[in-house]
Amino acid sequence: MAHTCLHWFRKGLRLHDNPALMAALRDCEELYPVFILDPHLHNKTCVGLNRWRFLIGALTDLDCSLRKLNSRLFVVRGKPDEVFPKLFNKWKITKLTYEYDTEPYSLSRDTEVTALAKEHGVEVIYKISHTLYDINRIIEENNGAAPLTYKRLQAIANSLGPPKRPIPPPTLEDMEGVKTPRLEKHEKKYGIPSLEELGHDTTALTEELFPGGEQEALRRLDEHMKRTGWVCSFEKPQTSPNSLSPSTTVLSPYVTFGCLSARTFWWRLTDVYQGKKHSHPPVSLHGQLLWREFFYTASVGIPNFNKMEGNPACTQVDWDTNAEYLAAWREVFEDLLLDGDWALNAGNWQWLSASTFFHQFFRVYSPVAFGKKTDKNGAYIKKYLPLLKKFPAEYIYEPWKAPRSIQQAAGCIVGKDYPHPIVQHEVVSKKNIQRMKLAYARRSSDPTESPSKKQGVKRKAPSVVDMLMKKKRKI
DNA sequence: CTCACTGTTGTAATC
DNA sequence: AGATTACAACAGTGA
């Protein structure tokens with residue numbers, strides 16, 4: 001049977017380790033590789049300027065790789081539920097393929113599109129390749145609940161064995177008999193958008209240090225994997241969040257958009273580790289990929305994962321609500337993040353705030369002390385806040401404490417050239433610790449507040465992990 | 001049930 | 001300089 005296939009790129013912006021794309025090529029006569037500019041996902045508030053540039057880079061690279069296979073990318077503007085019926089009819093699609101995505105919006109969107117496909121007699125095939133494992137399988141193995149400790153996730157991962165091996169990208173041979181129709185006005189109708197078309201002011205753009213795209217991702221992966229000593233001794237807590245050159249791989253944005261397959265990354269690391277002494281999870285690079293898996297699993301297994309309210313795993317803290325402070329804090333992150341990932345962002349904020357997973361709420365970071373540990377002289381601050389460049393190291397983390405004469409000598413008066421702190425950390429952190437203490441007291445006295453008692457459905461049969469644990473006990 | 005132990009990155013003071 | 005300790009004291013796990 002000869003198919004007319006539409007492969008829907010969303011995340012997974014790559015050709016390597018793309019089983020859904022390979023499924024599209026099977027018995028395929030005509031192939032339409034499509035990316036949809038979904039106003040729900042792709043608007044100014046969700047995606048900042050830097051991420052837009054990255055995404056456009058990734059799409060451009062994808063189009064370039066597809067052209068080498070005598071195909072090309074169609075960027076379609078519109079809402080998926082409105083776009084698909086039109087495309088199904090216009091192109092006489094018989095098969096739709098895509099990579100499975102676990103985000104709540106994606107799940108509801110895909111359910112809707114699958115229903116539309118059925119109405120149009122279109123076969124739907126999806127494959128799991130964004131994560132190392134089938135996230136739902138991990139939850140199943142944990143008796144229907146997301147693991148709340150890394151150890152537990154590790155035990156499940158160990159019981160499932162290493163992730164699947166990545167599959168190679170399609171070759172010209174795979175493309176034999178597959179045609180992508182050449183349409184007139186392709187550029188105008190289905191071309192890759194520019195930042196200007198998307199309504200962005202590009203004058204604010206700085207040098208592009210991390211261009212998007214699969215080729216760039218694989219090149220960077222190759223480069224890092226050559227540093228075998230560094231890879232084998234990598235320990236995340238030893239990296240520096242404020243060094244001027246990155247002390248990590250910076251592959252996360254590539255993994256987020258799927259320019260790089262997590263499984264490809266995993267197996268390349270396995271190759272480097274082979275026969276050598278190396279670091280281990282949770283701190284190793286393998287460990288970092290398992291953290292991603294951990295938070296993805298939590299995001300699927302825990303309802304309302306990106307919120308406190310209605311999130312049964314999250315400690316319900318009576319936080320202060322000060323719109324002005326929140327806006328000041330939020331401004332730092334929202335727009336500039338390159339590797340923003342829904343599950344990882346929500347999970348890490350819960351961890352860091354001692355709301356979920358991590359519970360030692362009295363261990364509070366100091367915005368003054370934390371930076372000093374890895375950057376005593378404040379070189380990072382001086383680069384990104386040149387206004388403070390002339391402050392001596394003694395005051396660089398607390399310029400408001402510098403005597404007037406030093407502020408004058410530095411050419412920067414706090415309160416005039418540079419804002420005063422919005423809060424007194426010593427005061428506010430103590431206040432918040434008390435809030436946390438109260439919330440935890442409520443949590444432990446109320447049995448319905450305990451996440452372990454709320455989550456999951458007990459299975460009748462013991463899971464593989466339970467059996468492995470039993471075996472271990474005997475030994 | 002209790003108890004000891006562990007948990008990828010706390011801070012500040014002290015020796 | 002690098003280790004140790006007080007601070008105030010959490011949840012989850014497993015014996």
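FYI, side chains are in, hydrogens and waters are out, and symmetry mates aren't considered; it's all heavy atoms of this structure. Chain letters run A, B, ... following the sequence lines, proteins first, then strands; residues in each count from 1.
- For the C1' atom pair drawn from B:dC1 and C:dG14, the interatomic distance equals 14 Å after rounding to whole Å.
- Taking atom P on both nucleotides, C:dA8 is separated from B:dT2 by 26 Å, rounded to a whole Å.
- Judged purely by atom type and a 3.5 angstrom limit, A:Asn304 has no side-chain atom pairing as donor or acceptor with the backbone of A:Lys307.
- Distances shorter than 4.0 Å separate some side-chain N or O of A:Lys151 from OP1 or OP2 on B:dG7.
- Nearest heavy atom pair, residue A:Tyr440 against residue A:Phe358, reads OH-O, 3.8 Å.
- Applying the salt bridge (Lys or Arg N to Asp or Glu O under 4.0 Å) rule to pairs touching residues 380-398 of chain A yields A:Glu398-A:Lys401, sequence neighbours excluded.
- Rounded to whole Å, the P atom of B:dT8 lies 26 Å from the corresponding atom of C:dC7.
- Within 4.0 Å of A:Val364, counting heavy atoms only, lie sugar-phosphate atoms of the nucleic acid but no base atom.
- Within the 4.0 angstrom heavy-atom criterion, base atoms lie near A:Gln288.
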Legend entry - Per-nucleotide protein contact string for nucleotides 3-9 of chain C (B base, S sugar-phosphate only, - none; heavy atom under 4.0 Å): ------S

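- The side chain of A:His359 lies closest to C:dA11, out of C:dA11, B:dT11, C:dT13.
- Applying the side-chain hydrogen bond (donor to acceptor under 3.5 Å, both in side chains) test to A:Thr264 and every residue at least two apart in sequence or in another chain returns A:Ser261.
- Proximity of the aromatic rings of A:His7 and A:Tyr98 is defined here by a centroid distance below 6.0 angstrom, and this criterion is not met.
- Residue A:Arg152 has its side chain nearest to C:dT13 when only B:dT8, B:dT11, C:dT13 are considered.
- Summarising the geometry, the separation between NZ on A:Lys430 and C1' on B:dG10 is reported as 14 Å, rounded to the nearest angstrom.
- Going from atom CG of A:Leu352 over to atom P of B:dT9 covers 11 Å, rounded to whole Å.
- If you check C:dC10, C:dA11, B:dT9 against the side chain of A:Gln360, the one that comes closest is C:dC10.
- Side chain of A:Thr256 to main chain of A:Asp341: no donor-acceptor pair is present (N/O by atom type, distance under 3.5 Å, no hydrogens or angles).
- Using a distance-only test at 3.5 Å, with no hydrogens or angles considered, no donor-acceptor pair links the side chain of A:Asn142 to the main chain of A:Gly144.
- The A:Arg363 side chain lies nearest to B:dT9 when the options are B:dT11, B:dT9, B:dT8.
- When the P atom of B:dT6 is taken as reference, atom CZ of A:Phe358 falls 16 Å away, rounded to whole Å.
- Between the P atom of B:dG7 and the CZ atom of A:Phe294 lies a distance of 14 Å, rounded to the nearest Å.
- Atoms CD (A:Gln316) and P (C:dA11) sit 14 Å apart, rounded to a whole Å.
- Every pair passing side chain to side chain donor-acceptor pair (under 3.5 Å) that includes a residue from residues 279-293 of chain A is listed here, sequence neighbours excluded: A:His130-A:Arg292, A:Thr270-A:His286.
- Cation-pi geometry between A:Arg165 and A:Trp267 is satisfied (NZ or CZ under 6.0 Å from the ring centre, within 45° of the ring normal).
- In this structure, the CG atom of A:Asn348 is 12 Å from the C1' atom of B:dT9, given to the nearest Å.
- Residue A:Phe357 is classed as having no contact, given no heavy-atom separation below 4.0 Å to the nucleic acid.
- Two rings, from A:Phe305 and A:Phe295, have their centers 6.0 Å or more apart.
- We find that CZ of A:Phe234 is positioned 12 Å from C1' of B:dT9, with the value rounded to whole Å.
- Residues forming a side chain to side chain contact (heavy atoms under 4.5 Å, CB included) with A:Val423 (at least two apart in sequence, or on another chain): A:Tyr325, A:Val428.
- Counting only heavy atoms from C-beta on, A:Leu148 has its side chain closest to C:dG12 among B:dT8, B:dT11, C:dG12.
- Rounded to an integer number of Å, the gap from A:Glu398 CD to B:dT11 P is 13 Å.
- Checking C:dG12, B:dT8, B:dT11 against every side-chain atom of A:Trp291, the shortest atom distance belongs to B:dT8.
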Legend entry - Bracket string, DNA chain C, 5' to 3' - pairs by Watson-Crick or G-U geometry under 3.5 Å, | interstrand: .||||||..||||||

